[in-house]
Amino acid sequence: MVRQRTLIIGMFLIFGLLVFGAIKFIVEPAGSLSVDTQSLRTQSDAASKLVYEDIDNLKHKTVIRNRIFTARPDLPVPTNQWYSSVAFAQTSEPLFVYPLAVKMNGDGFGVSYPKVVSTADTVFASYNPDLRVSFEKNNMDALIASHDDLSVAISQKSKDETVSEIRLTHGSPYVFASVLPKKSFRILADDFSLVEKGDNFVLFTVHGKFFALFFSRNEVMTAEQDKRGIDVFVSDRGARFSIAVLPDSKSLDVFKKYAFDPIVSTEASFDADGKAMKSRFAITTQNNAETLFALLPKSTLAFDADMKHLQPIGKYQTLRGEQTLYQGKSFGFSRDMPDLLLQLPVSSLSSAEQERLRSLVRDDVSNISITEEDTYFLGKKLFALANILDIAEQLDMDSESAVLRMKIRSELELWRSNTLAKESKKKYFYYDSLVKGIVGETASFGSELFNDHHFHYGYFIYAASVLARYDKEYLADNERFINLLVQDIANTDRKDTAFPYLRGFDAYEGHSFASGQGLFADGNNQESSSEAVNAWYALYLWSDAIGNKKLEEMARYLYSEESASAIRDWLNIDRSDARFANFKHSFISLVWGGKLDAATWFNARPEARLGIQLLPISPGSLYLGQDTKRVQENMLSEPEFRNPTMFKDYLAMYSAFYDSDGARRQIQSLKPEDIDGANSKSFMEAWLMTSKK
């Protein structure tokens with residue numbers, strides 16, 4: 001989601017326990033999966049342990065009072081994921097798995113192959129159930145039994161009895177499921193039409209889409225069709241079954257081959273290889289064999305050389321573009337790894353330019369005022385001061401640097417001291433021991449519900465990183481404290497039980513999700529792609545400050561994936577794609593699981609929709625201008641951009657990629673109230689000066 005500016009979710013939930021079901025191939029946790037990085041809290045295990053000592057010293061509380069629907073109360077609740085709504089509701093909201101969408105219901109679950117439809121302002125691929133699996137029980141709870149990088153296992157319980165288990169995997173056309181003995185059920189569809197029936201399958205269409213039910217003849221006694229669907233009678237040994245969406249009827253034989261070997265775990269790994277970022281999806285089945293797996297265009301376009309031999313089996317039309325179906329168990333990708341600056345190179349400017357900057361820095365320093373208290377707006381202010389500090393340090397402005405270091409350090413250390421104090425009313429962090437994560441007080445935009453943590457904490461980590469570059473004493477005293485924020489948004493230790501693994505990042509889609517609970521009919525979502533990129537750029541700066549090469553590798557991976565998604569899925573959409581046939585805008589401002597919107601959470605104006613994809617601008621924002629023609633096209637796409645009412649500073653800085661003189665004129669006309677809290681006159685000028693180099 002993204003910034004939930006006007007909507008605070010009102011459903012709060014407590015722990016439930018899962019009774020282990022008779023059919024256990026799905027509910028068994030995937031276990032610890034190996035990756036190229038281990039714990040990234042600090043460079044050593046001894047220092048890593050200190051983070052937990054800090055957690056023990058934090059205030060422990062939660063605002064979530066109602067039930068949490070997970071099977072393992074000892075593990076972190078998976079917030080900010082495409083399946084998070086399962087954990088925060090008795091059933092779930094639609095889960096957009098691609099190519100399928102699935103919704104847990106009180107009596108079973110629904111399955112949809114969403115149709116993509118575009119309007120002037122929205123591209124929809126909404127969940128509309130093509131079929132519903134209905135068990136004999138009503139009012140069942142759906143609980144997250146286990147989850148890993150690409151998949152989730154969900155258990156459905158009626159009182160103390162586990163009725164069914166299902167596994168959903170990003171990219172899999174199957175829903176792998178199990179049901180307890182003698183639990184008959186129906187597969188219901190309004191437009192059911194039988195195509196073919198065999199001893200262990202039923203091929204049928206719903207609304208012209210091909211679906212198949214696969215089952216063991218020894219476990220399912222009969223499967224009889226009527227005009228509304230299929231009656232399934234389960235033997236006294238229970239049953240495993242799968243439901244799949246097929247690209248066409250010709251692929252039935254291929255689907256039968258893999259329908260009886262369920263996926264049990266997945267892993268997304270990465271490795272920085274020189275100038276390339278290598279990544280891989282690995283899918284493990286019960287028999288450790290190949291399976292059918294559909295990849296998004298962003299993955300197929302980045303295939304490793306050894307993947308070129310793969311032959312497509314079929315295509316799916318989805319909200320994320322045309323998915324291509326392959327058979328395999330491991331898929332590798334390679335992308336160019338972007339070069340990242342640590343700072344704008346203002347020290348290389350001419351003497352006249354440097355003097356101009358010094359004047360603006362003095363002006364900015366003389367007008368410093370910190371009145372913000374919440375983690376979002378205060379974080380933005382600290383970010384702005386950090387960028388001024390970096391300019392001042394490069395220009396040898398000792399007195400101004402001293403003032404800025406004092407302001408940033410005193411504010412960050414106030415949060416640290418309040419966090420460790422017994423009583424604090426504001427400006428502190430606490431540990432939510434129910435959900436398992438760090439929450440800032442004063443909260444904003446639902447951050448107490450784990451909304452937008454990567455946005456908020458990215459600003460704090462950024463400011464601490466720049467300060468630590470010039471204040472080694474601050475770093476020595478505060479490294480463990482900042483590492484708590486790093487762990488909350490980017491824990492990379494899969495064995496860690498204090499924080500979830502990479503809380504909000506979706507490796508399959510290549511971007512983050514911002515809603516903590518995801519309780520929306522359109523799934524989870526993210527608005528501000530640029531603030532997500534900023535979070536990972538901040539991790540990169542922090543890795544440099546603490547000298548952690550492994551964290552640097554993780555930061556570069558997250559940055560490269562998120563920035564590529566920001567361009568592909570938000571700012572530089574391919575309008576020749578059939579998905580956008582009726583869409584009247586040149587960019588997307590709100591990406592959901594089930595729709596793409598020209599909208600924001602906070603303001604309907606076009607400049608709000610574009611500005612929230614730009615802020616905050618930093619040395620890590622150069623990805624925005626990789627296609628200067630598209631920047632110009634975006635800026636000319638709405639008449640309001642010629643005379644914006646908000647985000648005037650960021651729109652001008654964005655336009656500098658193709659018109660630096662025009663950008664300068666716009667920036668020089670800005671009033672103080674036109675400058676965002678994460679920006680400053682001196683940084684805007686430094687951006688314009690260095691963009692010419």
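For the single chain, residues carry numbers from 1 onward in sequence order.
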J.: Ring centroid separation for Y316 and Y98, is it under 6.0 angstrom?
T.: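 No, the ring centres sit 6.0 Å or more apart.
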
J.: With side-chain hydrogen bond (donor to acceptor under 3.5 Å, both in side chains) as the criterion, how do S126 and N128 come out once you've worked through the C-alpha distance, each side chain's angles and the decisive distance to 0.1 Å?
T.: CA-CA 6 Å; S126 303; N128 290 301; 5.2 Å; no

J.: Regarding D506 and H511, do their side chains bring together a donor and an acceptor under 3.5 Å, going by distance alone?
T.: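 Result is no, nothing qualifies.
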
J.: Donor-acceptor check, side chain of S164 to backbone of S178, threshold 3.5 angstrom: yes or no?
T.: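 Looks like yes, one N/O pair under 3.5 Å.
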
J.: Restricting to side chain to side chain donor-acceptor pair (under 3.5 Å), what partner residues turn up for N218, sequence neighbours left out?
T.: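 For N218 there are no side chain to side chain donor-acceptor pair (under 3.5 Å) partners, ignoring immediate neighbours.
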
J.: Checking S92 side chain against A142 main chain: does a donor-acceptor pair fall under 3.5 Å?
T.: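 Answer holds: no.
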
J.: Please evaluate residues Q526 and H454 with respect to the criterion side-chain hydrogen bond (donor to acceptor under 3.5 Å, both in side chains), reporting the C-alpha separation (whole Å), side-chain torsions for both, the decisive distance (0.1 Å), and the verdict.
T.: CA-CA 11 Å; Q526 180 162 265; H454 56 322; 2.8 Å; yes

J.: Side chains of T285 and N287: any donor to acceptor distance under 3.5 Å?
T.: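 There is no such pair between these side chains.
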
J.: Go through it in stages, so that I can follow the logic: the residues are S155 and E165, the test is side-chain hydrogen bond (donor to acceptor under 3.5 Å, both in side chains), and I'd like the CA-CA distance, side-chain angles, deciding distance and then a yes or no.
T.: CA-CA 4 Å; S155 174; E165 317 281 354; 3.3 Å; yes

J.: Step by step, would you call N634 with S637 a side-chain hydrogen bond (donor to acceptor under 3.5 Å, both in side chains)?
T.: CA-CA 5 Å; N634 286 343; S637 66; 5.2 Å; no

J.: Can you tell me if S530 uses its side chain to pair, donor with acceptor, with the backbone of Q613 under 3.5 Å?
T.: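 Yes: the side chain of S530 pairs with the backbone of Q613.
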
J.: Between I187 and R132, is any pair of side-chain heavy atoms under 4.5 Å apart?
T.: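 The answer is no, as the side chains (C-beta and beyond) never meet within the 4.5 Å cut-off.
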
J.: Please tell me if the side chains of V123 and F580 come closer than 4.5 Å, counting only heavy atoms from C-beta onward.
T.: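 A side-chain contact exists here, since the closest heavy-atom pair is under 4.5 Å.
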
J.: Looking only at atom types and distance, does a side-chain atom of R630 sit under 3.5 Å from a main-chain N or O of I573, one as donor and one as acceptor?
T.: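 Checked: pair present.
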
J.: Kindly say whether E93 contributes a backbone atom to a donor-acceptor pair with the side chain of S85 at under 3.5 angstrom?
T.: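 It does hold such a pair.
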
J.: Around atom NZ of K209, are there more than 12 heavy atoms of other residues, nucleotides or ligands at under 6.0 Å?
T.: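 Yes - once you tally the heavy atoms of other residues, nucleotides and ligands closer than 6.0 Å, there are more than 12.
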
J.: Would a 4.5 Å heavy-atom cut-off, applied to side chains only, mark S279 and R335 as touching?
T.: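 They are in side-chain contact.
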
J.: Hey, is E509 close enough to K298 for a salt bridge, meaning N to O under 4.0 Å?
T.: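 Looking at E509 and K298, the cut-off is not met.
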
J.: Give me the one residue out of F201, F214, F185 that meets ring-ring contact (aromatic ring centres under 6.0 Å, His included) with F241.
T.: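 Of F201, F214, F185, ring-ring contact (aromatic ring centres under 6.0 Å, His included) with F241 is met by F185 alone.
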
J.: Got more than 12 heavy atoms from elsewhere within 6.0 Å of NZ, K315?
T.: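 Correct, the count exceeds 12.
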
J.: With rounding to the nearest 0.5 angstrom, report the OG1 to CG distance, T324 to L296.
T.: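 It comes to 9.0 Å.
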
J.: Are F587 and H585 an aromatic pair, judged by ring center distance below 6.0 Å?
T.: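 They do not qualify: ring centres at least 6.0 Å apart.
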
J.: Measure up the W601 and F520 rings against each other and bin them: parallel (under 30°), tilted (30 to 60°), perpendicular (over 60°).
T.: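 It falls in the tilted class, 30° to 60°.
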
J.: Would you say D149 and R494 make side-chain contact, with heavy atoms under 4.5 Å?
T.: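 Yes, close enough: below the 4.5 Å cut-off.
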
J.: Verify, without hydrogens or angle tests, whether T122 (side chain) and F124 (backbone) share a donor-acceptor contact under 3.5 angstrom.
T.: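 Not confirmed, T122 side chain does not pair with F124 backbone.
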
J.: Can you tell me how far the CG atom of L188 sits from the CD1 atom of I230, to the nearest 0.5 Å?
T.: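 The distance works out to 9.5 Å.
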
J.: Look up atom CG in D597 and atom CG in L590, then write down how far apart they are to the nearest 0.5 Å.
T.: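 One finds 5.5 Å between CG of D597 and CG of L590.
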
J.: Around atom CG of D191, are there more than 12 heavy atoms of other residues, nucleotides or ligands at under 6.0 Å?
T.: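 Yes.
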
J.: Check A532 against S512 and note the closest heavy-atom contact, atom names and distance.
T.: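 In terms of heavy atoms, the two residues are closest at CB-OG, 4.5 Å.
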
J.: Salt bridge or not between D336 and K275? Use side-chain N to carboxylate O under 4.0 Å.
T.: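 Salt bridge flag = no for K275 with D336.
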
J.: Check for a donor-acceptor pair, side chain of T284 on one end and backbone N or O of T266 on the other, with a separation under 3.5 Å.
T.: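 Flag not set: sc T284 to bb T266 has no pair under 3.5 Å.
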
J.: Determine the interplanar angle of the Y326 and F331 rings, folded into 0 to 90°, and report it as parallel if under 30°, tilted if 30 to 60°, perpendicular if over 60°.
T.: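 Because their plane-to-plane angle lies in the 30° to 60° range, the rings of Y326 and F331 count as tilted.
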
J.: Using 4.0 Å as the upper bound for N to carboxylate O, is an ion pair formed by K278 and D271?
T.: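 Salt bridge between D271 and K278, a charged N being under 4.0 Å from a carboxylate O: no.
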
J.: May I ask you to decide if A189's main-chain N or O and D130's side chain share a donor-acceptor pair within less than 3.5 Å?
T.: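 No; judged by distance alone, with no hydrogens or angles, the pair does not exist.
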
J.: I need the L143 CG to M104 CE distance, nearest 0.5 Å.
T.: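 Going from the CG atom of L143 to the CE atom of M104 covers 9.5 Å.
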
J.: Is it true that E290 and K257 make a salt bridge, defined as a side-chain N closer than 4.0 Å to a carboxylate O?
T.: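 The answer is no: the pair does not qualify as a salt bridge.
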
J.: Y174 vs F255 aromatic rings, parallel, tilted or perpendicular, using cut-offs 30° and 60°?
T.: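 Answer is tilted, since the angle falls between 30° and 60°.
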
J.: Check the side chains of E322 and Q317 for a donor-acceptor pair under 3.5 angstrom, ignoring hydrogens and angles.
T.: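 A pair is found: one side chain offers a donor N or O, the other an acceptor, under 3.5 Å apart.
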
J.: Quick one about S84 and Q517 (side-chain donor to acceptor, distance below 3.5 Å, no hydrogens or angles considered), yes or no?
T.: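 Absent: no donor and acceptor within the cut-off.
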
J.: Does N582 offer a backbone N or O that forms a donor-acceptor pair with the side chain of S118 under 3.5 Å?
T.: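 Checking the backbone N and O of N582 against the side chain of S118, a donor-acceptor pair under 3.5 Å is found.
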
J.: Flag the pair D261 and R240 as a salt bridge only when some basic side-chain nitrogen lies within less than 4.0 angstrom of an acidic carboxylate oxygen.
T.: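 So D261 does not pair with R240 through a salt bridge.
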
J.: Measure centre to centre between the rings of F333 and F281, then say whether the value is under 6.0 Å.
T.: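 Judged by ring-centre distance (under 6.0 Å), F333 and F281 do meet the cut-off.
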
J.: Can you find a pair of side-chain heavy atoms, one from Q327 and one from I313, that are under 4.5 Å apart?
T.: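 In short, these two side chains touch, coming nearer than 4.5 Å.
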
J.: Under the rule for side chain to side chain contact (heavy atoms under 4.5 Å, CB included), what residues qualify as partners of D107, not counting sequence neighbours?
T.: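 D107 satisfies side chain to side chain contact (heavy atoms under 4.5 Å, CB included) with N105, S134, N138 once adjacent residues are dropped.
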
J.: Could you go through Y658 and M635, starting from their C-alpha distance and side-chain angles, then the distance that decides it, and tell me whether this counts as side chain to side chain contact (heavy atoms under 4.5 Å, CB included)?
T.: CA-CA 10 Å; Y658 71 93; M635 286 296 298; 3.5 Å; yes

J.: Please report the interatomic distance NE2(H147) to OH(Y83), rounded to the nearest 0.5 Å.
T.: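 Going from NE2 on H147 over to OH on Y83, the span is 5.0 Å.
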
J.: Show the nearest heavy-atom pair for residues F215 and N200, with the distance to one decimal.
T.: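 The pair with the smallest heavy-atom distance is O-CB, 2.9 Å.
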
J.: Taking the six-membered ring of F192, is the NZ or CZ of R228 close enough (under 6.0 Å from the centre) and on axis enough (within 45°)?
T.: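 No, R228 does not sit over the ring of F192.
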
J.: Are the charged groups of D493 and K495 less than 4.0 angstrom apart, N to O?
T.: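 A salt bridge is absent here (no side-chain N lies under 4.0 Å from a carboxylate O).
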
J.: Does S560 use its side chain to pair, donor to acceptor, with the backbone of R556 at less than 3.5 Å?
T.: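 Present.
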
J.: With side chains defined as the heavy atoms from C-beta onward, is the minimum distance between F211 and V111 less than 4.5 Å?
T.: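 The answer is yes, as the side chains (C-beta and beyond) meet within the 4.5 Å cut-off.
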
J.: Working to the nearest 0.5 Å, report the span between CG of L502 and CG of N80.
T.: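 That separation rounds to 11.5 Å.
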
J.: Quick check: closest heavy atoms across R503 and F450, and the distance to 0.1 Å?
T.: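 It is NH1-CD2, 3.6 Å.
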
J.: Strictly below 4.0 Å, N to O, side chains only: are D577 and R579 in salt-bridge contact?
T.: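 Result for this pair is yes, salt bridge flagged.
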
